[in-house]
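Below you'll find the structure, written out as structure tokens, and then a few comments.
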Amino acid sequence: VPCNGFGYDVHKYGQGRQMKLGGVPINGAPEVIAHSDGDVLLHALTDALLGCLGQGDIGELFPDTDAAFDNIDSGILLSEVMDRIAEAEIQITHVDLTIIAQIPRLSPWKEAIKKNIASLMHLPLSSVGVKATTEEGLGFTGEKKGIKAVALVSAHKPCI
Ligand code: MG
């Protein structure tokens, strides 16, 4: 049967980790505060996958109080959840992603992010949407205080 999962994540700018989006290091971008590597896009995507699974959220699986996840590559968190997707025999058909930030300018990075997400998800490029937008100077992204990302995953899961 068809199923969809939705994910949302925010990270605050400040002295912390080099910004990574979809596993791609974004040179010259503000640093983000995080326990893991702070990849807001992979976190939103991972939560969307957990939504398809009906298995809670990323904070529940990988608590930020656990030293094991200190500065962990969010690609590892994603691949652990992808293992659960495979176990549940869920077939991912499409992912659609939007990054919302005033800074940095993301258009030069979108293609590299898309390619890396397609490779992490074992999907063709035509099944991965990567978009970037600003909030026109409004709110915390507009004030350059942080970044957010949303993810929608489309899939088929077995009937039970
Ligand atoms: Mg996060």
Side-chain angles (χ1 to χ4, degrees), residues 3-85 88 90 92 94-107 109-110 112-123 128-135 138-155:
C3 99
N4 296 293
F6 178 75
Y8 172 78
D9 194 39
V10 166
H11 279 269
K12 189 175 173 182
Y13 291 163
Q15 210 172 26
R17 316 289 192 205
Q18 181 186 8
M19 185 187 290
K20 275 173 50 181
L21 293 172
V24 177
I26 309 297
N27 297 326
E31 293 186 349
V32 298
I33 296 168
H35 181 66
S36 69
D37 69 0
D39 191 323
V40 72
L41 187 58
L42 289 190
H43 293 177
L45 175 56
T46 302
D47 255 357
L49 292 167
L50 287 168
C52 282
L53 282 160
Q55 290 186 12
D57 58 51
I58 192 170
E60 208 175 306
L61 258 68
F62 311 109
D64 64 5
T65 47
D66 189 334
F69 307 123
D70 183 43
N71 204 14
I72 194 168
D73 178 349
S74 297
I76 294 171
L77 309 183
L78 176 74
S79 76
E80 285 194 22
V81 172
M82 284 296 284
D83 289 346
R84 291 180 179 218
I85 289 279
I90 294 175
I92 306 297
H94 197 91
V95 304
D96 191 21
L97 308 166
T98 301
I99 308 158
I100 302 107
Q102 195 71 36
I103 53 165
R105 228 182 117 252
L106 292 170
S107 52
W109 301 99
K110 282 191 296 184
I113 292 169
K114 177 186 164 100
K115 280 184 184 153
N116 204 49
I117 298 270
S119 141
L120 289 170
M121 301 288 296
H122 316 295
L123 284 171
V128 178
V130 175
K131 291 165 272 105
T133 188
T134 73
E135 290 184 301
L138 297 169
F140 72 84
T141 69
E143 289 165 10
K144 305 173 186 173
K145 290 179 177 166
I147 185 165
K148 58 182 155 181
V150 293
L152 181 68
V153 169
S154 305

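In each ligand, atom 1 is the first atom listed, and ligand 1 is the first ligand listed.
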Just jot down the ring pair (Phe, Tyr, Trp, His ring centres under 6.0 Å) partners of Tyr13, sequence neighbours excluded, or say none.
none
Does Trp109 form a side chain to side chain contact (heavy atoms under 4.5 Å, CB included) with Asn27? I'd like the steps, not just the answer.
CA-CA 10 Å; Trp109 301 99; Asn27 297 326; 4.2 Å; yes
Distance below 2.8 Å from the Mg ion (ligand 1): how many protein N/O/S atoms qualify?
3
Determine whether Thr141 and Thr134 satisfy the following criterion, side chain to side chain contact (heavy atoms under 4.5 Å, CB included), listing intermediate values before the conclusion.
CA-CA 7 Å; Thr141 69; Thr134 73; over 6 Å; no
Please step through side chain to side chain contact (heavy atoms under 4.5 Å, CB included) for the pair Lys12 and Phe140, ending with a clear verdict.
CA-CA 9 Å; Lys12 189 175 173 182; Phe140 72 84; over 6 Å; no
Kindly say whether Asp66 contributes a backbone atom to a donor-acceptor pair with the side chain of His35 at under 3.5 angstrom?
yes
With distance as the sole test, does His11 use its side chain to make a donor-acceptor pair with the main-chain N or O of Ile33 at under 3.5 Å?
yes
